[in-house]
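Comments concern the structure below.
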Amino acid sequence: MRFDLVFLDPPYKMKVIRGLLEQLVEGGLLRDRAYVVIEHDAEDRHDEPVGSLSCIRRAEYGDTAVTIYRNEM
């Protein structure tokens with residue numbers, strides 16, 4: 001099964017977001033042009049490309065941030 005939209009909201013202190021993004025890409029779990037939405041601590045930056053995922057938007061809401069990636073395959 002491949003996904004068009006994935007939401008990630010792991011516990012902030014675990015610092016596992018990059019690994020989860022890598023697993024999505026390497027596992028072939030994303031369709032072409034799929035979106036991955038991540039909620040995370042605003043102090044953490046998640047805007048670097050990860051495999052075929054490119055950051056397309058980041059917004060902060062107090063101590064929380066939301067980053068959106070798109071699969072460019």
Side-chain angles (χ1 to χ4, degrees):
M1 178 175 279
R2 294 174 64 204
F3 300 95
D4 293 310
L5 179 62
V6 175
F7 290 95
L8 297 176
D9 185 14
Y12 294 173
K13 293 183 185 216
M14 290 184 69
K15 308 292 184 193
V16 296
I17 290 174
R18 180 153 185 105
L20 293 172
L21 293 173
E22 290 170 349
Q23 288 179 26
L24 288 170
V25 171
E26 292 168 7
L29 297 172
L30 300 173
R31 291 186 182 269
D32 298 347
R33 312 290 283 174
Y35 291 92
V36 180
V37 179
I38 307 162
E39 182 180 326
H40 56 89
D41 191 311
E43 292 181 8
D44 295 336
R45 298 298 301 188
H46 297 287
D47 51 10
E48 295 292 321
V50 178
S52 58
L53 292 173
S54 296
C55 177
I56 61 169
R57 183 175 167 103
R58 183 180 191 279
E60 291 186 18
Y61 306 94
D63 294 339
T64 300
V66 174
T67 300
I68 302 173
Y69 279 86
R70 183 171 52 212
N71 191 28
E72 301 295 344
M73 292 292 297

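From a predicted model like this one, the values you see are computed outputs, not experimental measurements. Reckoned from all heavy atoms, side chains included, excluding hydrogens, waters and symmetry mates.
The cluster map of Ile, Leu, Val, Met, Phe, Trp and Tyr, joined by side-chain heavy atoms under 4.5 Å apart, puts Met1 and Phe7 in different clusters. Put simply, Val16 and Val50 are part of the same group of oily side chains (I, L, V, M, F, W, Y) that touch within less than 4.5 Å, one to the next.
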Derivation and outcome, side-chain contact (heavy atoms from CB on, under 4.5 Å), residues Tyr12 and Thr64: CA-CA 10 Å; Tyr12 294 173; Thr64 300; 3.4 Å; yes

Test log, rule side chain to side chain donor-acceptor pair (under 3.5 Å), inputs His40 and Thr67: CA-CA 8 Å; His40 56 89; Thr67 300; 2.7 Å; yes

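Atom CZ of Arg57 has 12 or fewer neighbouring heavy atoms from other residues, nucleotides or ligands inside a 6.0 Å radius.
Under the side-chain contact (heavy atoms from CB on, under 4.5 Å) criterion, Pro49 pairs with no residue at all, not counting sequence neighbours.
Taking CD from Glu43 and CD from Glu60, the interatomic distance works out to 9.5 Å, rounded to the nearest 0.5 Å. Atom-to-atom distance recorded for Leu21:CG and Cys55:SG is 10.0 Å, nearest 0.5 angstrom.
Tyr35 pairs in a side chain to side chain contact (heavy atoms under 4.5 Å, CB included) with only one of the listed residues (Val6, Leu53, Ile56), which is Ile56.
Counting only heavy atoms from C-beta outward, the side chains of Asn71 and Val36 never approach each other to under 4.5 Å. Using a 4.5 Å heavy-atom cutoff, the side chains of Ile38 and Asp9 are not in contact. Inter-residue side-chain proximity for Tyr69 and His46 is flagged as met; some heavy-atom pair is nearer than 4.5 Å. Taking 4.5 Å as the limit, some side-chain heavy atom of Arg58 sits within range of a side-chain heavy atom of Arg45.
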Let me have the donor-acceptor pairs involving side chains of residues 24-32, under 3.5 Å, with sequence neighbours excluded, atom names and distances please.
none

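Ion pairing of Glu72 with Arg33 is present here, as a side-chain N (NZ or NE/NH1/NH2) and a carboxylate O approach within less than 4.0 Å. Salt bridge annotation for Asp44-Lys15: present, with a cationic side-chain nitrogen under 4.0 angstrom from a carboxylate oxygen.
Counting all heavy atoms, side chain and backbone alike, Ala42 lies closest to Ala65 at CA-CB, 3.8 Å.
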